[in-house]
Every structure is written in C-alpha cells, then in structure tokens.
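Working notes for the structure below.
The sequence lines fix the lettering, A, B, ..., with proteins before strands; numbering per chain opens at 1. Model, not experiment: these values are computed from the prediction.
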Amino acid sequence: MANIEKKDISMHYDFKEIEKNWQEFWAKNETFKAENKSDKPKYYVLDMFPYPSGAGLHVGHPLGYIASDIYARYKRHKGFNVLHPQGYDSFGLPAEQYAIQTGQHPAVTTAANIKTYRRQLDQLGFSFDWSREVRTSSPEYYKWTQWVFIQIFNSWYNKDTDKAEDVERLIAKFSTDGTANVNAVCDDDIESFSAADWKSFTDVKKQEILLQYRLTYLADTEVNWCPALGTVLANDEIVNGVSERGGHPVIRKKMTQWSMRISAYAQRLLDGLNTVDWPQPLKDSQTNWIGRSQGASAVFNINGHDEKIEVFTTRPDTIFGVSFMTLAPEHELVAKITTPEQKAEVEAYIEATAKRSERDRMADVKTISGAFTGAYAEHPFTKKPIPIWIGDYVLAGYGTGAVMSVPCGDQRDYDFAKHFKIDIPNIFEGVDISEEAYSDKDQTIIANSDFLNGLPYKKAMKLAIYELEKLGQGEGKINYRLRDAVFSRQRYWGEPFPVYYVEGMPQMIAPEHLPIKLPEVDKYLPTETGEPPLGNAEVWAWDVNKSAVVSNELIDNKTVFPLELNTMPGWAGSSQYFNRYMDPHNADEIFSKEAIDYWQDVDLYIGGSEHATGHLLYSRFWQKFMFDKGLVPKDEFAKKLINQGMITGTSAFTCKITDFILTGSETEASDDLILDLGDQEEAVLKLKKLQENFGNTFISFDYLEETYEKQFRKFPIFVRAKEIPVLSSKLLTLDLSDDISFVINPIHVDIDLLSKIKEGSTIKYTDELESEMFYNWRAENEDSILIFNEDSKFKVYREVEKMSKSKYNVVNPDAICEEYGADSLRLYEMFLGPLEQSKPWNTAGITGAHGFLKKLWRLYHSGAEGAFAVSEDEPSKDSYKTLHKTIKKVEEDIENFSFNTSVSTFMIAVNELGSQKCNSRKVLEPLAILVSPYAPHIAEELWKQLGHEGSISTVDFPKFEEKYLVESSKEYPVSFNGKMRFKLELPLDLSKDEIEAAVMAHEKTEKQLQGRTPKKVIVVPGKIINIVG
RNA sequence: GCAGGGAUGGCGAAAUGGCAACCGCAGCUGGUUUAGAACCAGUAGUCUGAGAGUUCGAAUCUCUCUCCCUGUACCA
C-alpha cells in the first residue's frame, strides 16, 4: 500500500489513524467533561478504583471498563448528563515492597505506573472525564480521608436514635446524667458513673472513657500480624491462613491499634442490602460476613467461684440437653477455675493449641481435642453440676468464647462428647441420636425438659428465654460475627493519621491544618526498635503553637508532641472516592452540597467480585456514617452493581521432579519411607544421589500424559521410573536401581517461552517449550535439566486459569491494539460472552470482530476504489426493516447489559445491508450512532464523513418504529406431534379456524397423516401450528 | 459441609415454553488476487450432561442423579 493512499483515510479503514485522531479530538475538546449543573437528568457510571500496578493492563482488565463505557456512551445518546470518572487507588503494598527492595520512593514508581496505565486506558478510547481524576496518594485527596477520620473519631453511636451522633452530645449526657441514660454501642468493659463522677474525672480519664465510645478508637486488639510483611492484616486480607498478598504466614498478636466500630452498623448494613440491586452472591457473602444470629445469652454460675460463664446460644430451647460446658483455650476464666489435679493437663493442652498455627487448625477440623478443667458449672434450672471443658473447636473471638454444649443437638458437641465419653442426654421426642446429633429445628418437639416438654422449637425458645430472664440469668440476644475493623497499618505508603499524642492520649489535629503530609524517610522498613516505618522520619512531631509538623528533636511533650506512626489501611482512600468525584478539586469541602445533591449516588457500579467483603462493606459503612452526619443524601452509595466475570488464560507448566520414592511401588513421600527400610544409611545415600542428579530436572509432559489420566487428572503425578525408558536408563548408568518412583509437580512458565506458529494472520502458541529461552528465563533455570521427548521437543502441561501476571499467562492488549485497533478489541471483548460469566481468552477470534468493522466501513465506502459514497435515496423496505430490528435489539441488549448479543446483531445488520446494497443516508446515519457506544472511533469518523460537525457522542439515539417490522404474512412451522415437518406461508390476519382449514387442506398434511384423523389441532396465530394424532 | 452459578457443534456462544444452534473462530470446497495477506461465494457437523415428570409442544418449568466452576467454613 502506497503511502499517499494511506493518508487518505476515506479510502480504506485505517484504524490507527482514525483512533489516534479521535482520541486527540476528545482530549482537546474535553468531550466527556460532565457539568455539575445541567437540565438533563443525571447518570453516574463508575468503575471500581484501579490500583496502578507495575505490570500494566492485560486483556482481562478492560472487560468491565468497556462495558461501563458502552453504557455511559449509550446514556449520553439517551440525553443524560453522564458522570464517568476514573482515578487511581495509588497507596498500597506493591509500591512499598518495591521501595524496600530498591530504595526508590514509592511516589516515583507509582507515578510511573500511573503513566503506563493512563496510556493503556487512553488507547482503548474510554469516555472518562479525566478532569476529575483523583489519586488517593495525593495530599489534596488524602486531606479529605484524614478529615473523614476526624469526623468518625468525633462521633459515637446512639442506639436510641440508631445513628451516629457528635461526641459533644455524649459529653453533655455524661455531665447531666452520667451513664444512666446512655444507650450506646461501645466497648464491653465500660464502667457506670454519675454526673458528679464525670465532673470529678481528670481530663485523661475522660478521654479514656470517651475512647470506649468513639466510632474509631484506640485499643489493644488481637490482630493478625504478618512478620514477613511487617504489618497487621484485616480478616479479609488473609486467605487460607496466609496473607492474600505474597502468601506469608500470619500469627495472632496483641497490639495497640486504631479500630473502626463497624459493628455498630451491623444491622443497618444487613438491612441496606435489601434496598440495592446488587448480585445475589455478593449480597450473600456480605450477609455471611456480618453473620447475624438470633438466640439468647445464658449465664451459668460456677460451683465454688464467684465468676460466671456467659454463653451465647441460638438454641436456648435445648438448655436441658446441656451435659458439659466448653471454653476456648484462650478464655480468661480457664486459669482461675482449673483444679490443681487438672492443671498439668490443661496447661499442656493450652500450650499445644497455641503452637498449632491457624493454618493447621483450619486444615485439620476432624481431630477432636480438649481437656477437662476439673471445675463444674451449675445448670440454671436443674441446678445440677455440669463439667467444664476446654476445646479448640470453640473460638475465642466469637460470642463470649464459651458454649453450653448440647451433644444431642449439635454435631460438634456430639463428637466431642463421644470422644471424651461424656453423657449425651436426649431431649427430643421420638428422635434417634445413637449415631449423630439431631440439629433440625422445625420438626423438633422438646422432651425431658421440665417446663419445655412437648413444645415445638419456637415456643420452647421463647419460654426458655422468658424463664432465664426471670432468674436474671440470661436474655434474648442477637449476635453478629462482624468484628470491628482494624484501621492501623505499620506501613509507609499510606495515609498518615491526623493524630498526635498527649500523655498517651490521641489528639486530633484541627481540620484547618490538614493535610498532614507523609514525611520523608531514609528507609521504608520498620525501625530497629520495631516501630513502623514512620518511626524513621526525623521531622514528625506536632507543634501545637505553630500548628505545624516539626523536627522530632523539639518534642518536649508540652507544646511539641509525637505524631502517630501508623498509617491508614488500603481501604481508607477507597471508601469515599465515589463522592469525591462529584467535586474532586474542592479545596474547602470534601464536596459541595450542590454537587452531592445533584449527583446523589452511583447509578451503575462495575467491578470484580473480589471486593465483596472488603471495599464494598467498608464503603457502605462510611457512606452510612456520612449519611448520619447529614453529609450525603443517600445511605447506600451504589444503586446497581455488576460483577464482570474474569477472563481466563491458558497457563503453561513444566513438570518438575520434586521427590523420590525408593520402593517404586508406593505412593508415599520419601520421608516416611526411610523408616521402613532396613538400611537407613543406604537409603539416605541413595536419596542424596538422586537429589544431586535429578534435583533440578524437568520432564516433557508427553511421558506423563498417560499416568496423569490414570491418576484422576491430579498433581502430583507418581511415575515409576521403569515405565519411562529415558529415566530408567539414566538411573542404570548412575548405578542406581530403577525400582523407584518419581514425584512430579507442575511449575508455571511464562507462555511467552512457548514456541509460536503463524496460522493465517494470527500467532498461536504451541505446547512446546523453547528450551534456550527457558534456560535464560530465571537464574534458577540456568542449570536445569530438561528431559526431551523422542522428537527432541519439550512439551508443557496446559491448564485454563484466571489470567494473572503471577500465573504467567497474560495477554497484553497493546499488541492487539497495534494490530487490530481499539474498536476491534472492544467489540471482541464484549462478543466473547455474557458480561458476568468467566470466559477463556483466545486472541485468534478477534479477526471476526475486525472483519466486521471492515465490512461496516465498506458500507459507507461503496464508491470507486473505496471512496466514500452515500446516497440520499429512500432506503428499501428491507433496509428499513434491518435498521429498525437492529435498533430494537441493541436498545434492549444494552438495557439488559447483554453486550455480546448486540455485537452479533450488528454483524447481522451489516451482512444484510451489504447484500441489500444499501447505502442510503437514512439507514447509515442511525447505524453509525448505534455502533458508536461499542466502536466509538469508527463511528466518529463515519459521522464526520457523513458531513457532521463535532462529536457523535451526544447525538440522539435512533428511535425504533414498529411500523417497519410489521409483516403481512408468516411462514408457519407445521408440526406433527411436536416435530416440525414442513413450513407453510399464510397471511397473518387469518383467524384460528381459517388457519386450521388452510393447513388441513394442504397436500403435505394429508401425506403426513396418511389417512388418520387428527385428535387435535393447536394453532397459535403468528407462531406455530401443531397437529396431534 | 454450606451457599451460589453452570453443563448446547471442535471452540466461544444464541435461543427463557413454539422452526435448536443466530453470530464469530476453527474446518472443508470453489473463485479472485497477492511478495505475505486480504476478499467473495458455497459447505459440513451434532440433537441441548443422564433419567423421570408437567405440556398439544421442553435447551427453557418441576423432581432425582452425575460432573465442573466460584465463594465460604469449627460462628455455638
């Protein structure tokens, strides 16, 4: 193609030139800038806040962005004032880890990553209003994160009004009535006092008390400490007992930490779920996370002690079935009540459970363990003694850390009782409990239970609670699993707290002095004394006179005080960002009243389901708090939420020899086997030799394929050396017996190390490893031994997994944009399948989407040598029909977020218009608008060529008109007993009887019936005819 | 264990009670053209995971079973 021709973009579809031009046009004209004042109705479309990682985007990331962009563009065509902002959640661990390794300031790497991200986003043609961009790590932004924190600190939760209120109100109540009329969500161990007491307290004491009520408070908390990361993690940052990021072990540790009293909002967070249009699985996981259970608390006296055991139970109706009590090993009463005889056993048990890591306890739920304390509790009604045990199946962190054990009604209690031979009384009428506990509630009739005899579950429960209350030994209670959220992190790259300490008590810095900027440090690791990284800062003290951050040397604890060394967690900055977008550059307020009143809330929120119990729960909490304070008009921030499905990639694995089994027949690990062998020393030597020769060895997958199939398609694979001649002969040359087995495990390799073949225009990955590239890939592979197959090739094992950098199976969108353009990529990503389902990526298929765009272009360029040619003629009836059925379908599809089906609708339309040789403006103009949300660049270009000035983006969406689709006749499928046999064209205005007559008179009907008389003829006008008989 | 989702050509999928497989990829045949490619015309496949039920009619609704995916788990 000559260069001259290439410049004339009207001649052929030059997507590179088109996309570049229009991206420049949009940026220059601020086409997508949203105004905070408009006569149009508002619509707010938001993508979940991206963290700008160093790896950049892969093809899985834009899926949600493309969907939300189509919707935003569609809403603009529909006359809405659309807010579609984007920004960066730019504080976070990866940048800090990188800083620790390289010494580079996280701000520098973050800025570089954002640049890459922005370039990649821009190249996809998204209609973001970039004038509203925010970054959580910029002081202008985190000023307001700090500001919200101060508001939360200055609030308490009043149960009477069921909302957050200013702490001043609480102080006023204390001053007039003491704690008498205070009904607050607060710490468990609060003291009661009178108004006079309050006035007599010292200032420090008052502050201490208030901390027990504030919605964010400082307290010694059992936290999940991750030694490898040097920080505390929230529950949702831990997966399977190890850190979500990096997979490091996590231990429990007591530390003084900021916490958020999210538990105050447990019920409202639950109730709010009924008011939002969010996916059910997401709602379910929040419901489970909050974990409401209704029941009763019951207090058991302990024989010979003043202390009492309080338990929470959801089955107070089974209280006569209690045959023992179980305390968590960590329970504070354990040490006090244990008898001298049982002391040794109990202490040994506590020590043993403490040693078991969280991970072991999770992996091993079957083993029953516990110890008897020697002490007895007293049953509230029967007054009989009940033995008190400890067991690690009772969790210290849930309820009171103690349970009343009812073995006949709870399987865990049942197993425990069986194991320790404790009595299992049956309190259910007509139920056999000799094999397992009976936990069904609905059909239960209580027996052997004094005043509860003969009652069903619900009535028994009410009566039991009533009787407990009468005794003063219990009450009806609702318990939540949701714990207060730890809000401190021992990290550098996060929001600093606007907090300094006077006599150990936290003080807020006045809002007018915000932001408190993150100080500079020499290194990003904890200090030698174990303080968080901010402990390395030299200028990190607060001067109350100057109202400024000053050098640590000036700390005198009179006018200059130390500042908080922790920083805020990742979710701090993302919990209000959707509101800040409404007025992102406001320096005086978090957002103006006009802005929040106009935009209200997010209408459509699109993002991944991994945020279900983290970001999406915390944000709802902050929003409800802001609502209580009258700052926002809605107490739920997002009306509708969609989780886009993930894109999967085909990972490649090399099969590595990871272990040896000396007997050759068993599938046991080598450690266990040594014990069985006569000559241990010989075995050790043998293993050593094997390790030396096969320690870093990989084997081509085709040797293993058969064995893999046989072993239930699971790794590790156990193969006998004898079965693989290459291995067997190598063993023999090493003077080793081939009567051994190898244990083989898969190790990820980058799919870029596979050899590629060109197939048509696309590049396809094979299952073959390029060995030279493999040796050079990573240092540890340099000396690797590859065992090739008979054809001297090395095959890898392939498996479909979530596309992820860590799995080395990512496909980069840059190369695809380069070859096919953003419009092709956008269409293809939507074409793959339903938005919410996960689907595999296959780059080869993109040619279909690209081919469609070329055909679309040709519709408008039917002139000589592909020149632009559009006629002013009236389109044919068929063309009108094609257009209007397309309008109808595309509109329905977008409203239902069914983007994949509208792409195929476009393809059909273009194929039909092509064969109709349609080039009428009256059809092609609306068609360009229909396509524009999906493929905006080509649509803009065609719009311009059609002679329009300015962007297509706010042109009215074409109006569907039914009249073009009205048909006068219908080709009826004629079925016999439900099977379609032939078709018959009949006018649509025939009545049922007329249709039946016409069908029965038809010769083919006679042929089908072969003389039989039909029992019944079903006629559904406009649809189908079915003849039975 | 519990909760949710799913199973349709070789692959991704469409059809939500009425003609199964629109559309695309891959395949095959032919044409045209090329340095490579592109383009055009045509074409095959299989019977909706298994079994039962409701119905004139079921991929679709109901029940049972099998398998897969995702989330979650000693929560009293």
* Asked: What is the nucleic acid contact for A/Lys1015, judged by heavy atoms within less than 4.0 Å: base, sugar-phosphate only, or nothing?
  -> nothing
* Across the strands shown, which category fits A/Asp413 at heavy-atom distances under 4.0 angstrom: base, sugar-phosphate, nothing? -> nothing
* Extract the stems that RNA chain B is part of, considering only consecutive pairing runs of at least three Watson-Crick or G-U wobble pairs, both distances under 3.5 Å. => B:1-7 with B:66-72, B:10-12 with B:23-25, B:27-31 with B:39-43, B:49-53 with B:61-65
* How would you label the contact of A/Arg292 with the nucleic acid (heavy atoms, under 4.0 Å): base, sugar-phosphate, or nothing? -> nothing
* Asked: Across the strands shown, which category fits A/Lys802 at heavy-atom distances under 4.0 angstrom: base, sugar-phosphate, nothing?
  -> nothing
* Asked: Using a distance-only test with no angle check, is there a side-chain donor-acceptor pair under 3.5 angstrom linking A/Asn479 and A/Ser293?
  -> no
* Asked: Which whole number of Å gives the distance between the P atom of B/rC23 and that of B/rC40?
  -> 15 Å
* **B/rC67 versus B/rC56 - spacing of their P atoms, nearest Å** => 35 Å
* Asked: With respect to the side chain of A/Leu395, which nucleotide from B/rC56, B/rA26, B/rC75 is positioned closest?
  -> B/rC75
* Contacts of type ring pair (Phe, Tyr, Trp, His ring centres under 6.0 Å), residue A/Phe906, not counting sequence neighbours -> A/Tyr934
* **Residues in contact with RNA chain B, drawn from residues 310-320 of chain A - heavy-atom cutoff 4.0 Å** => A/Phe312, A/Thr313, A/Thr314
* For A/Val1028, which contact category applies under a 4.0 Å heavy-atom criterion: base, sugar-phosphate, or nothing? -> sugar-phosphate
* Which of the following nucleotides, B/rC75, B/rC22, B/rC19, is nearest to the side chain of A/Ser904? -> B/rC22
